[in-house]
Structures are given as structure tokens and as C-alpha cells.
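Here's the structure, in C-alpha cells; my notes come after.
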Amino acid sequence: MASVYVEELGRHIGTEVLIQGWLYNKRSSGRVRFVLVRDGTGIVQGVVTPDADPRTFELAEALPQEASLRMWGTVRAEPRAPGGVEVAVRRLEPVHIPSTPFPIGLKEHGPGFLMDHRHLWIRMRRQVPLLRIRDAVLWAIRAFFRERGFVATEAPVLVGTAVEGTTTLFPLDYFGAPAYLSQSGQLYLEATCMALGKVYWIGPVFRAEKSKTRRHLTEFWMAEAEQAFLDHEGNLALQEALVRYVVEAVVAERARELGELERDPEALREEVAGPFPRVTYHEAVEVVRKAGVLMEVGDDFGAPAEDALSAHFGRPVFVERFPAAIKPFYMKRDPAHPDLALCADLIAPEGYGEIIGGSQRVDTEEELLAQLREARLPEEPYRWYLDLRRWGSVPHAGFGLGVERTVQWIAGIPHIREAIPFPRTLERLYP
RNA sequence: UCCCCGGUAGCUCAGUUGGCAGAGCAGCCGGCUGUUAACCGGCGGGCCGGAGGUUCGAGUCCUCCCCGGGGAGCCA
């Protein structure tokens, strides 16, 4: 008999099926025993009565949590069941019976304990739907870019040049030469977009920031896009379309999982329904100050400032045209205001922080040399990058979207460490 | 790097002005024919993070260290 996944059971009502999975929980009321079996797509309750064979009836009482098993039985509609169906069990067959109790119970645990057992924690309620939502976010990003003719490409993870400041790089020894783990694939995407027109990649990037907050990881995934002949305005339109597309796709494909996380899909939809508000850096500073958060013009937005913006607009909001002095060297200046950069950050609603940073890039060698000098960066490591401005340079723009922050926002979870299977944080490299 | 909170049973925690180490869950044994983190009865389970100090006496007070969590700065 071919096996069936829990998520498909609704199509098999009245027939006998085989389910292969793990024992999530069991309950007993004397002569009626209940086994909750999970298989990655969902959890279903099997009902075992003395009508089943004696071995099966005994197993329903004796199997410990996380025993792996095969379960044969008839699917029936059951209004009391969370998924609407349950299985009248004919036979249980263990695949592996643990000899020691599973460390993670169904009651509360502390974050330290759970993180020590992350490799097992990912099997539990909340973690499974969360990782399924992450999957949907990643597929939606790929689908969006594919529909628009972007070419999926790759940037190296081992690099010899820093994109941003060198203090946040992980250094390593590359056969005796200094090298780093990449903080961003952007510079390389600028090169590939001159070859392929419009490109994107999704990959891991690394920041050696000593950040201990609920929205930081040292290793996280970025979805970065770069398009030739795209200007600042077009860049914002692209980002807005992407974020709306991703939210709509996740709401459509993972409504059940959002429900399991008690995330209201309609509230999410509403947040991305209309055009995203846009404010300039200077307007944003005013909003933040009126909200009572102290900051000076010329400062970057801290977490309290982002939260104030987020609370004020209640939807994703673009903050554009930051002072060039607080932004990286590769951003093009606003021709009307040379002290401002043609850039924007997208701040997620509900205090989830910045999820996108993007800009139009410098497109002449002279400007780039001048801005490298202003940033006190050496010219030599950027020789190849300067080359891009020597042969057929064009206006171009792009952005990077933080995948985990996006998952965190869409899933509505308080801590970013649950938005990736194996988070890397300041004090944690294991498991 | 700085600030705040915490570390007691496998897990989550309580532990009074310093005076015999506790509960719930998990485990084991038993009960219950519809349970939804089921419920009911019983049993076992401790280097109170580590070192030093104060004291007749320290889980409790003091000092230092280690570990975890939250936040700042920085960032997506």
C-alpha cells in the first residue's frame, strides 16, 4: 500500500491508508487510546480500540514520544479533530523505538535549553509550520524574479574585499592570504547584471557584529537583486512589488501554518494592500522625534527609532535619501542634493525592523574613485569593481532583502532565531 | 564593548527576617471507552552554576569567575 501524507488525508476519507511518521503525543482513556502522529506535513490523531490486534493496542499505550512508526487505518471525517479528519487504526508497526525519553516535552522550556536541542526542537509544534513558511517565502522570491525575467545567479561567499566596514567581517586564512566570509553579494551582482541584464541570488551572508538582540544573526540569508538601467524610483517599485508578492503567496499557500502560529492572514494582507508610504530621511527623523525618541539629524535609525516609524505608519514604509555620509561608498548621490544618497530602507510594520536596504549605484569611475577616497578605502582591492564603470557603464540599482526578518514578520514571531533551521548567534555555534 | 535579568530534580519554576530541599510536568507502576499540552492515585529522582568569604549555621548575605537570556550601539 502506498503511503499518504497527513496533509492529503482529506482526499482519502472512507479508505484505508498507510501513514509513516513519528509519535508526537499519545493519550489514553482506558479502552480507547489516541496516538498523535506527525509526518512533516501535519499531525493526525489515530484512534486505537480493542478491535485492533492486541499488539497494536499495546503499542498505542507503550510507544514513547518520537518513536517512528507506520500506521494503517481508515480515514474518517471528525468535526472535533483540528484537521477535520482522524484515522481509525487497524495496525501500528514501530520503525524505531527510543530507549531514553525524548528531551523536549510538550510543556514549556527555556530558550537556552531549546537552543541546545535545536536539532530536535525543529520537530515540534510551531517550528514545523515556521520552517514551512520559510520555504514558502523563499519559493515566492524565486517565483517573483523568475516571472519578471531575472536570471538566478551566484556570488562568492569567500571574498578578498570588504563591502562595508572591516570590523564586521569574519576573517579567515585562505592558503596564507587574508580572506573573509561575504557580507553581501552586491558588488558581484553589479558585475553579473552587466552581463545578464537583471539578476538575483539568494544566499548566506555573514556579519561579525556583536549584536545580542532578537533581530540579529551572524549568518543570515539575503535575497539580492540588481538590474541594469534601473533607477532609484524603479528600484523602489520593484521592492514594493516583491514584498507584496511574497506576502500574498505565503498567505495563499500557508494559511494553515499561519493559523497554527496564530498569525492573522487578513491583517498581513491589509498591511501590504495599498502603496507603501515613502518618506525622506529628514521627514522620518521628524516623525521619530515627534514620537518622543531622541535622535539627531545625521544619525542612523536605531531600533527604537525604527519602532516609532513602524508604529506611526502601520505598514511597510520606505525611508529614502539618507545623508551620504552614513551610507556606503557605492551609492549614487542625488543630483539635486549631492549630500544625499539615492537609497532607501524598507521598514517592516509591527517593529520587525529593516527588511530591505537598497540604492541606485554609482555609475562613473570618477564618482566611484572620489567616494572610495571619501570613505578612506584602498583603491586596489576594488580594481575589478572600478572596471565595471570603464566599459559600458549604465545606471543600475538593486537591493538586499533579509530573508529571516521577512519570515519573522510574516510569521509574527518574536525572535529571529526561530526563522532559520540552525541559527548562528553571538554565543552559539552548536548544534 | 556597555547596561539589565537569571542559573535550585531530565524540563518549567517556588523556596519568607539566614534555621530539615519543594511543586507541576517528564519517567516508572496502577486506574479510566472520546482524549485535545487529557485526567485521577502511587513511587523514584538534588554537587542549589563554580571558587573564596561572613556566620554556631548559607539555596538565601558579600567578592570574583563561568554560563544563559533581554537590550544598547551596529546592521538585514
Side-chain angles (χ1 to χ4, degrees), chain A residues 24-36 43-51 57 60-62 64-66 78-83 86 88 98-117 120-121 124-126 163-165 167-169 183-186 204-224 239 294-295 299-307 326-328 345-348 352-358 399-409 414-417 419-420 425-428:
Chain A
Y24 184 75
N25 192 15
K26 62 178 194 279
R27 288 181 283 267
S28 166
S29 183
R31 308 301 285 169
V32 185
R33 295 172 179 175
F34 305 94
V35 287
L36 273 71
I43 298 179
V44 70
Q45 173 167 273
V47 183
V48 187
T49 62
D51 306 339
F57 191 62
E61 185 75 33
Q65 187 186 2
E66 286 304 308
E78 171 53 67
R80 287 171 290 184
E86 66 178 17
S99 52
T100 51
F102 191 66
I104 304 177
L106 300 175
K107 305 259 176 175
E108 309 158 42
H109 295 281
F113 175 82
L114 289 171
M115 287 301 294
D116 286 342
H117 296 84
L120 303 174
W121 184 24
M124 306 305 287
R125 205 193 292 281
R126 287 181 60 80
V163 177
E164 331 244 334
T167 53
T168 62
L169 287 164
Q183 301 174 294
S184 161
Q186 181 205 310
V205 295
F206 306 86
R207 305 273 167 98
E209 290 158 7
K210 302 222 167 177
S211 304
K212 286 186 64 173
T213 80
R214 67 179 69 185
R215 36 196 200 205
H216 285 85
L217 296 167
T218 54
E219 174 181 324
F220 65 97
W221 284 62
M222 279 230 282
E224 298 186 277
Q239 293 167 37
L294 292 174
M295 77 175 283
D299 290 351
D300 209 340
F301 300 100
E306 282 181 0
D307 292 350
I326 57 170
K327 286 289 175 183
D345 288 351
L346 183 67
I347 313 291
Y352 288 98
E354 181 185 347
I355 55 171
I356 293 183
F399 62 91
L401 170 128
V403 171
E404 287 74 19
R405 286 213 186 147
T406 303
V407 171
Q408 198 189 346
W409 161 47
H415 204 298
I416 197 167
R417 66 184 158 218
I420 184 169
T425 58
L426 191 54
E427 304 286 357
R428 222 173 257 282

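Residue numbers begin at 1 in each chain, while the letters A, B, ... track the order of the sequences.
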Distance test, side-chain N/O of R417(A) to OP1/OP2 of G68(B), below 4.0 Å: no
Side-chain heavy atoms of M295(A) within contact of D300(A), under 4.5 Å: no
Contact under 4.0 Å: H415(A) side-chain N or O vs G70(B) OP1/OP2: yes
Single hit among E78(A), K26(A), R27(A) for side chain to side chain donor-acceptor pair (under 3.5 Å) with Q45(A): R27(A)
base_contact_polar (C75(B) base, R405(A) side chain, donor-acceptor, <3.5 Å): yes
Pairwise P distance for C65(B) and G70(B), with rounding to whole Å: 23 Å
Face-to-face contact F34(A) to G34(B) six-ring, under 5.5 Å, under 30°: no
E354(A) (side chain) donor-acceptor with L346(A) (main chain) under 3.5 angstrom: no
Exam field: side chain E224(A) to backbone G185(A), donor-acceptor pair closer than 3.5 Å: yes
Residue whose closest nucleotide on RNA chain B lies nearer the 5' end, L114(A) versus Q45(A): L114(A)
P304(A) side chain, from C-beta outward: closest of C32(B), A72(B), C75(B): A72(B)
Donor/acceptor link under 3.5 angstrom from H109(A) side chain onto base of C11(B): no
R31(A) vs G31(B): side-chain N/O to OP1/OP2 distance below 4.0 Å: no
Cation-pi check, R215(A) onto Y352(A) ring (under 6.0 Å, within 45° of axis): no
C2(B): pairing nucleotide in any strand, Watson-Crick or G-U under 3.5 angstrom: G71(B)
Quiz item: E108(A) side-chain donor-acceptor pair to G24(B) base, under 3.5 Å: no
Residue T213(A), side-chain atoms from C-beta onward, closest of G73(B), G34(B), G70(B): G73(B)
Touch class at under 4.0 angstrom, heavy-atom based, for I356(A) against every strand present: sugar-phosphate
Candidate nucleotides A72(B), C75(B), U33(B), ranked by approach to the side chain of S29(A) - the nearest: U33(B)
